[in-house]
Amino acid sequence: MSTLNDVVINKLSGGLGRRMPEQDMVSGLLFDAAATPKLVLDTVYRLASLEDAAAYGINQDFDKTGQSAYYQIEQYFRMNPSGDLFIMATTATSYKEVVAKAKVMQEKANGAIRQMAIIFSGATDFAETIKAVEEAKSQTEQAYSLYMPFEIFLEGKGFDVNAANPLNLEEKNAESVSVVVAMDVEKGAIENYKNTAAVGVFLGAVSKAKVSENVGWIEKFNLTGKGFAKAGFVGGKVATSQGTLSTLNDSRYVFAKTHTGIAGIYFNDSHTCSLVTSDYAYVENNRAINKATRLLRTALLPKLSSPVLVDIDGTLPQSVSKSFEGLCRAALEGMVANQEISSFDVYVNPKQNILASSELKIEADIIPVGTARKIRVDLGFKNPFGIDKK
């Protein structure tokens, strides 16, 4: 190396903070269909645009056979043109049978799917949809236990907005399942789509959102566009009163509505079929915890079966506990930087008997991002001369 006096400039890398592309938008669409030369059943295909669907024979004519797959794909990419969509067709005689293939599809996609919409073309009443919810609960729970968590969005086939006493979906206790009953009134008037819900619109909006964002956010998620011109429900019906909308919202359904004072159509919320008091009552809660789950597992997996030194009293040295805490912190810091969680805390208790249990316990807590579901303003008149002035 030269020892001459000089100004030395070293070129550094990493200052732009660029990261690997996010996988949060990776979605799935599972549907029933007959096999064709272009569409092999129980085979996963990956689409980057609506045009890609045509390669497998999924076009407007495809839907004329009683399907809505083309419509759902079209609406997914309308809401998120940068979306990443896996599709799989399967044979089934009931809605529940289609849903039963959800985990299989996730496995075929190597666990990449973060949210999945499921549709069925056969004659289906709402009682069959509820059976599908129960099956979807089982599928998502199995997938989580296999470290490939995802959300399921079901179209509320057979739903009647004018029916008295709609079923409260809280009763199903399905924390990773949502039922969408929204439908464009004009689309629902078409015979082929009368029993179809706009689940593709919801899937596209969710895939576009950060994991912390509610798709009912007015400023970001206006649903108006081709295929969604007037807010309605399955069957092309409209709600008869504001009270009906309130009841359906309290009963945990996902639907579309308008707001006085601003143009556009918007989702009411991101409900899951669970108690409103549940930590996982909303899609964004699940997406945030699922992402943290994946990140922590990826960070810790290389350490599985690794040696862990202990002190003379059997406790963990500070260097060991801090090392594991550091791995977890590094995994979660990106979510804070991206405003996907507010903050987090990680702790490894040094006083744990790893020699006896061969199990290292780590406590991790994340503080989610809040959602302004209601904004309350106290507004009134004020008379400046109402105060006794002397």
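A donor-acceptor contact closer than 3.5 angstrom links the side chains of E284 and S270. Residues E151 and N290 have side chains that bring a donor and an acceptor to within less than 3.5 angstrom of each other. A donor-acceptor pair shorter than 3.5 Å can be found between the side chains of S241 and T244.
Separating the OG1 atom in T129 from the CD atom in E134 is a distance of 11.0 Å, to the nearest 0.5 Å.
Each of F31 and V98 belongs to its own hydrophobic cluster when Ile, Leu, Val, Met, Phe, Trp and Tyr are linked at side-chain heavy-atom distances under 4.5 angstrom. Y144 and Y280 fall into different hydrophobic clusters, where Ile, Leu, Val, Met, Phe, Trp and Tyr side chains are chained together by heavy-atom contacts under 4.5 Å. A continuous path of Ile, Leu, Val, Met, Phe, Trp and Tyr side chains, each step under 4.5 Å between heavy atoms, connects V40 with I58, placing both in one hydrophobic cluster.
Judged by the 6.0 Å distance and 45° axis criteria, R252 is positioned over the aromatic ring of Y282. Geometrically, R297 engages Y147 in a cation-pi contact, judged by NZ or CZ lying under 6.0 Å from the ring centre and within 45° of the ring axis.
A salt bridge is absent between K96 and E128; no separation between the charged side-chain nitrogens and carboxylate oxygens falls under 4.0 Å. With respect to the salt-bridge test (charged N to carboxylate O, under 4.0 angstrom), the residues R46 and D84 qualify.
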Next on the checklist: Between V199 and Q72, is the side-chain contact (heavy atoms from CB on, under 4.5 Å) condition met? List the steps.
Outcome noted: CA-CA 7 Å; V199 69; Q72 306 295 0; 3.6 Å; yes
Checklist entry - Can you list the steps and then say if D63 with Y193 is a side-chain hydrogen bond (donor to acceptor under 3.5 Å, both in side chains)? => result CA-CA 9 Å; D63 278 5; Y193 295 117; 2.8 Å; yes
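No more than 12 heavy atoms of other residues, nucleotides or ligands sit less than 6.0 Å from atom NZ of K303.
Using a distance-only test at 3.5 Å, with no hydrogens or angles considered, a donor-acceptor pair links the side chain of T224 to the main chain of I265.
E107 has its side chain within reach of L146: a pair of non-hydrogen atoms, C-beta onward, lies under 4.5 Å apart.
For an aromatic pair to be called close, the ring centres must be under 6.0 Å apart, and F202 with F267 satisfies this.
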